[in-house]
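Notes for the one structure printed next.
Counting begins at 1 with the first residue of the sequence. Values below: every heavy atom of this structure, side chains too, minus hydrogens, waters and symmetry copies. Keep in mind the model is a prediction, meaning the values are calculated, not measured.
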Amino acid sequence: MSDSLRRQTLADLLRRTAQRLPHKPGIRCGDTTWTWQAFDAVVSRVAAGLQAEGVAAGERVAVLARNSHGFAALRFALARIGAVLVPVNFMLNADEAAYILRHAGAKMLAVDSGLAELGRAAASKDTQVRRLLWLPSEQAGDPIAGALDFHRLADCAAPVDEPAIDRDALLQIVYTSGTESAPKGAMLTHGAVIDQYVSCIVDGEMAEGDTVLHALPLYHCAQLDVFLGPCVYLGATSLITASPTPDNLLPLIARHRINSFFAPPTVWIALLRSPLFDQLDLSHLRKGYYGASIMPVAVMREIGQRLPHIRLWNFYGQTEIAPLATVLKPEDQLRKPGSAGRPALNVETRVVDDAMRDVAPGAVGEIVHRSPQLLQGYFNDPDRSAAAFEGGWFHSGDLATIDDEGYITVVDRKKDMIKTGGENVASREVEEALYRLEGVSEVAVVGLPHPRWIEAVTAIIVVKPGHTLSEAQVLAHAAQQLSGFKCPKAAVFVDALPKNPSGKLLKRELRQRYQAQFEKA
């Protein structure tokens, strides 16, 4: 009996939705609207075109592009031919992007017009990339010279030859900065991502009748796999945009009667502060989702007052679990403020001590998970893969407490990850860059509360004797060394950094000491 009778891959999800809801609007972006039937057909033609260009099952194809219908179509076309998606953060510089291209062994890189220069620069830095593929953007534009044209692929007349893959086939490698300078490539299968879709749909009360606005970058697994993927599975209508600014988002929400929207608290705050907020009809917006950081209670209350019909969910997780791990549901937002909620449907979660024993309620421990949603391991990195699964559970690296009702509250990041404006920043990487500045004796980089960024990257510096440094010098140096979102928002100078008797730096004490640094920002 053929295994294809029971196959469940991302391409199968799309095909079934197209058969079930052929004439319903599926994907909208700019001037492009595809019904589910049309989207499925475009995906198949692009898939066939990629095969004609020699892209085979298991081959890695990287994408460096802003949100678009082209990005969405390529994502499912790669799944249809068993190729592996490698999304690249477009906020990285050319060296950082090149590392991912090299490590993943990508031979093709998809870019849009706005990121073509960065893509070419990254691909030229000793990578295996031999071909660029141009993707159309939200705003109409011409293909770039010397690249494959998405529209030409989409005109392919040959039938797609779908390989015999199953739920355990590799779907994507998503690079996470973790806490080391070198990013890790989390390997996620079709099955892991689909099981995560089920958790999202059930715990997030997602439905076929939703009209969802996708505005946060699709290179990030939150927008790609917590929202776009479940929309395809359900047949909910997706509106894709590349600009998460209030002037763009609020008119779209009103004009298209958006009822479901996800953004980190930074974006929700920006919407509230826009003069357009009270000028437009936002009454259809009933489902609001946030993640990446905790929503301040005052902001949560303001959203409830100004959008009285909305219900809020906090989705917590990380790339390695595809990425949803726990959910704080609408009824618990004010009852359990600051909590990340309880494990999602297909996730088992504990908070443990160093001996893997469950901690008592209120005690701090590490969050660990077991779930079919988990990564297979880190690509070409057996040592870090083994360490992540030590003791038979996946180690999240986040420290938390758990209460007597099972609600988890993240209190620290075990390896000092900073989440600023929805982006991960490894403090160690920033510290290493600042140590290259003459005059820096010691530096600790921490995330401090900020009204816009939620967490602001902040450098606490001890200056070498006989040297002088200004904040302007530090920030200018960082700007030369790092991508913009990784740069400190401020530099604070101190005589000494707090340490315990064994010499370990006490970053938690620094966070407490300087928590009011940006109160007037």
Not counting sequence neighbours, list each pair that qualifies as a salt bridge (charged side-chain N to carboxylate O under 4.0 Å, His left out) and has a residue in residues 368-380. Glu348-Arg370
Short side-chain to backbone donor-acceptor contact, Ser396 and Ile367, under 3.5 Å: yes
Of all residues at least two apart in sequence or in a different chain, which pass the side chain to side chain contact (heavy atoms under 4.5 Å, CB included) check with Ala77? Val43, Val46, Ala47, Leu50
Compare every heavy atom of Leu324 with every heavy atom of Val347, then report the nearest pair and how far apart it is. CG2-O, 3.8 Å
Measure the OH-NZ distance between Tyr378 and Lys184 for me, rounded to the nearest 0.5 Å. 3.5 Å
Does Val368 offer a backbone N or O that forms a donor-acceptor pair with the side chain of Arg350 under 3.5 Å? no
Check whether Asn346 reaches the backbone of Asp195 with its side chain - one donor and one acceptor, N or O, closer than 3.5 Å. yes
In terms of relative ring orientation, are Tyr316 and His369 parallel, tilted or perpendicular, with 30° and 60° separating the classes? tilted
Just by modelled atom types, is the Ala222 backbone N or O under 3.5 Å from a matching donor or acceptor in the His220 side chain? yes
For Ala207, the side chain to side chain contact (heavy atoms under 4.5 Å, CB included) test, sequence neighbours excluded, returns Asp210, Lys287
All heavy atoms of Leu170 vs all of Val84, minimum pair found to be O-CG2, 3.7 Å
Under 3.5 Å: donor-acceptor pair, side chain of Lys24, backbone of Glu208: yes
Taking the basic N atoms (NZ, or NE/NH1/NH2) and the acidic carboxylate oxygens, is any pair closer than 4.0 Å for Asp12 and Arg6? no
Close side-chain approach of Arg342 and Thr326, heavy atoms under 4.5 Å: no
Side-chain donor or acceptor of Glu455 paired with backbone N/O of Lys419 under 3.5 Å: yes
When you compare the side chain of Leu239 with that of Thr211, does any pair of heavy atoms fall below 4.5 Å? no
Is Arg152 paired with Asp155 through a side-chain N to carboxylate O contact shorter than 4.0 Å? no
Do any N or O atoms from the side chain of Glu431 and from the backbone of Val445 form a donor-acceptor pair under 3.5 angstrom? yes
Once rounded to the nearest 0.5 Å, what's the spacing between atom CD of Gln8 and atom CZ of Arg167? 8.0 Å
Please test Ser199 against Gln373 for side-chain hydrogen bond (donor to acceptor under 3.5 Å, both in side chains), starting from the C-alpha separation and ending with a verdict. CA-CA 9 Å; Ser199 291; Gln373 301 174 192; 2.7 Å; yes
Applied to residues 246-265, the salt bridge (charged side-chain N to carboxylate O under 4.0 Å, His left out) test, sequence neighbours excluded, yields none
Side-chain donor/acceptor of Ser483 to backbone N/O of Asn93, under 3.5 Å: yes
Please confirm whether the backbone N or O of Pro136 pairs with a side-chain atom of Ser68, one donor and one acceptor, at under 3.5 Å? yes
Take Ile173 and Met187 through the test side-chain contact (heavy atoms from CB on, under 4.5 Å) and record every step on the way to the result. CA-CA 5 Å; Ile173 303 174; Met187 297 187 293; 4.3 Å; yes
At their closest point, which heavy atom of Leu115 faces which heavy atom of Ala65, and how far apart are they? CD1-CA, 3.7 Å
Can you find a heavy atom in the side chain of Leu74 that is under 4.5 Å from one in the side chain of Leu133? yes
Quick one, Gln128 with Arg60, criterion side-chain hydrogen bond (donor to acceptor under 3.5 Å, both in side chains). Give me CA distance, side-chain angles, the key distance, then yes/no. CA-CA 11 Å; Gln128 297 181 44; Arg60 277 82 67 195; over 6 Å; no
Answer with yes or no whether the side chains of Gln51 and Arg80 bring together a donor and an acceptor at under 3.5 Å. no
Flag the pair Gln196 / Val226 as yes when at least one side-chain heavy-atom distance between them is below 4.5 Å, and no otherwise. yes
If you take all heavy atoms of Ser243 and Asn248, which pair is closest and at what distance? O-ND2, 2.7 Å
Around atom CD of Glu53, are there more than 12 heavy atoms of other residues, nucleotides or ligands at under 6.0 Å? yes
Partner of Phe227 under ring-ring contact (aromatic ring centres under 6.0 Å, His included), picked from Phe262, Phe261, Tyr197, is Phe262
Which atom of Ile201 lies closest to which atom of Pro230, heavy atoms considered: CG1-CB, 3.9 Å
One pair to check against side-chain contact (heavy atoms from CB on, under 4.5 Å): Leu92 and Tyr99. What are the steps and the verdict? CA-CA 10 Å; Leu92 299 178; Tyr99 173 86; over 6 Å; no
Does some side-chain heavy atom of Leu280 sit less than 4.5 Å from a side-chain heavy atom of Pro251? yes
Non-hydrogen side-chain atoms of Leu188 and Leu375 separated by less than 4.5 Å: yes
Taking 4.0 angstrom as the limit, do Asp95 and Lys125 come out as a salt bridge? yes
Quick check: closest heavy atoms across Ala94 and Ala122, and the distance to 0.1 Å? O-CB, 3.6 Å
Heavy-atom donor-acceptor pair, Thr420 side chain to Glu423 backbone, under 3.5 Å: no
Pair listing, side-chain hydrogen bond (donor to acceptor under 3.5 Å, both in side chains) test, anchored in residues 105-124, at least two apart: Ser113-Trp134
Please walk me through it: do Phe71 and His214 pass side-chain contact (heavy atoms from CB on, under 4.5 Å)? CA-CA 12 Å; Phe71 193 128; His214 305 275; over 6 Å; no
Classify the ring geometry of Trp36 against Phe39: parallel below 30°, tilted from 30° to 60°, perpendicular beyond 60°. perpendicular
Do the non-hydrogen side-chain atoms of Leu276 and Pro246 ever get within less than 4.5 Å of each other? no
Side chains of Leu13 and Phe76 in contact at under 4.5 Å (non-hydrogen atoms): no
Applying side-chain contact (heavy atoms from CB on, under 4.5 Å) to Val63 and Tyr219, what does each step give before you reach the verdict? CA-CA 8 Å; Val63 182; Tyr219 71 69; over 6 Å; no
Just checking, any donor-acceptor pair under 3.5 angstrom between side chains of His395 and Glu366? yes
Inter- and intrachain pairs under salt bridge (charged side-chain N to carboxylate O under 4.0 Å, His left out), touching residues 318-329, at least two apart: Asp203-Lys329
Interatomic distance, CD1@Ile310 vs OG@Ser260, rounded to 0.5 Å, equals 9.0 Å
So Gln172 and Asp225, side-chain hydrogen bond (donor to acceptor under 3.5 Å, both in side chains) or not? Walk me through it. CA-CA 11 Å; Gln172 59 201 33; Asp225 289 322; 2.8 Å; yes
